[in-house]
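Reckoned from all heavy atoms, side chains included, excluding hydrogens, waters and symmetry mates. Lettering follows sequence order; numbering is per chain, from 1.
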Number of protein chains: 2
Amino acid sequence: MISIGELSKRTKVKVPTIRYYEEMGLLPEAERTSGNQRRYDKAGLERLSFIRHARDLGFSIEAISSLIELQDHPDRSCEAATDIASSQLSDVRTKIKRLKTLEKELSRISKGCNGEGVSEDCYVLASLADHNLCDGEHQKP
Amino acid sequence: MISIGELSKRTKVKVPTIRYYEEMGLLPEAERTSGNQRRYDKAGLERLSFIRHARDLGFSIEAISSLIELQDHPDRSCEAATDIASSQLSDVRTKIKRLKTLEKELSRISKGCNGEGVSEDCYVLASLADHNLCDGEHQKP
DNA sequence: TATAAAATCTCTAGCAACTAGAGGTTCAAG
DNA sequence: CTTGAACCTCTAGTTGCTAGAGATTTTATA
């Protein structure tokens, strides 16, 4: 049985974040010492690693909740899991697309001014003021 | 002079968001009718367009504050503006990089399971549980 | 002009996923 | 047995909004 600090070290998840995950129901309520401090076993470590890994891949807390639910029932169909993963994948792809558009536009704007003049003549500021100076679309989704 | 609703329609910024921008100091306090409703002129419309455009490009409220400050002083050096823009550009590039890593990993994981089995055998879940099943790094920044 | 509907006002609270800090208790080493 | 590190709970803050309540004002129609 290890303390929350030790668990934190091993998983690289901060202590308050671990407590937050518990509050959100991602982690079951930890066992406690007589003095009310949390203690974790191997199962706790593995679950937190799972969560951490999923968070690193950008899954939301809610999605992770569902994934854990499935993991806890080995006999259920895993369709929901693959659905969650592919929806996450398409989210990521959408974000990449949008960011690439932004990158293009930002780099074009940036190149327009070297920062040596005054703001009156600044192409960066002018571009923001006047959408007509823009190439493409960059609406929010 | 136009109402906040009209301004909202023209700029595609929602009414509560306009009020929020005012509260944050991005927009100056609007003139009011005798009945205390906000009225905007051309300058207000232009400023909000500027903000909206900058937000679309992903600039933070704080960054936009600085940009507006510069825009209001045409004689100042625009170095800060170009700095802000290029820092935003590099932020965007960093995000793209990270998302591409995620995309690779997610697509690899997704392909590993067609969702027709049970969760015990699901490659998606197994990958999340065991980091060794991963290719690369996908740490948070 | 009267009335009703639409728009506006302020205020508070909520979202995601944490992070920071206060003030107090417990654990582990020496 | 002391002391200092680690832990506890609780509240509030972060970012950029969005939603809703309850009250008032404006505008369009009868």
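Closest approach of Y21(A) to V13(A), counting heavy atoms only: CE1-CG1, 4.1 Å.
The side chain of R19(B) contributes an N or O atom lying less than 4.0 Å from OP1 or OP2 of dC9(C). Distances shorter than 4.0 Å separate some side-chain N or O of R55(B) from OP1 or OP2 on dC17(D). Side-chain N/O atoms of K14(A) include one lying less than 4.0 angstrom from OP1 or OP2 on dT19(C). For dA17(C), neither phosphate oxygen OP1 nor OP2 lies less than 4.0 angstrom from any side-chain nitrogen or oxygen of T17(A).
Atom CD in E23(B) sits about 14 Å away from atom P in dG16(D), given to the nearest Å. Here the C1' atom of nucleotide dC27(C) and the CE atom of M1(A) are 16 Å apart, to the nearest Å. As a whole-Å value, the separation of Y20(B) OH from dC15(C) C1' is 13 Å. To the nearest angstrom, C1' of dG16(D) lies 14 Å from CG of D56(B). Regarding M24(A), its CE atom lies at a distance of 12 Å from the C1' atom of dC15(C), rounded to whole Å. Spacing between atom CD1 of I4(A) and atom P of dC27(C) amounts to 14 Å, rounded to whole angstrom units. Put simply, CD on E62(B) is 17 Å from C1' on dC17(D), counting in whole angstrom units. Here dC7(D) presents its C1' atom at 10 Å from CZ of R32(A), a figure rounded to the nearest Å.
Nearer the 5' end of DNA chain C, as judged by each residue's closest nucleotide, is the contact made by P16(A), out of G35(A) and P16(A). If you find the closest nucleotide of DNA chain D to N36(B) and to S3(A), the one lying nearer the 5' end belongs to S3(A). Nearer the 5' end of DNA chain C, as judged by each residue's closest nucleotide, is the contact made by Q37(B), out of Q37(B) and S60(A). Map T33(B) and I61(B) each onto its nearest nucleotide of DNA chain D; the residue landing nearer the 5' end is I61(B).
At the heavy-atom level, R38(A) lies under 4.0 Å from the strands shown only through sugar-phosphate atoms.
Looking only at distances, a side-chain donor or acceptor of R52(B) sits under 3.5 Å from a matching main-chain atom of K12(B). No donor-acceptor pair under 3.5 Å is formed between the side chain of E46(A) and the backbone N or O of A129(B). Put simply, the side chain of E31(A) never gets that close to the backbone of Y40(A): no donor and acceptor are under 3.5 Å apart.
Of all nucleotides listed (dT18(D), dT26(D), dC18(C)), dC18(C) comes nearest to the side chain of Y21(A).
One hydrophobic cluster holds both I4(B) and M24(B) under the rule that ILVMFWY side chains link at heavy-atom gaps under 4.5 Å.
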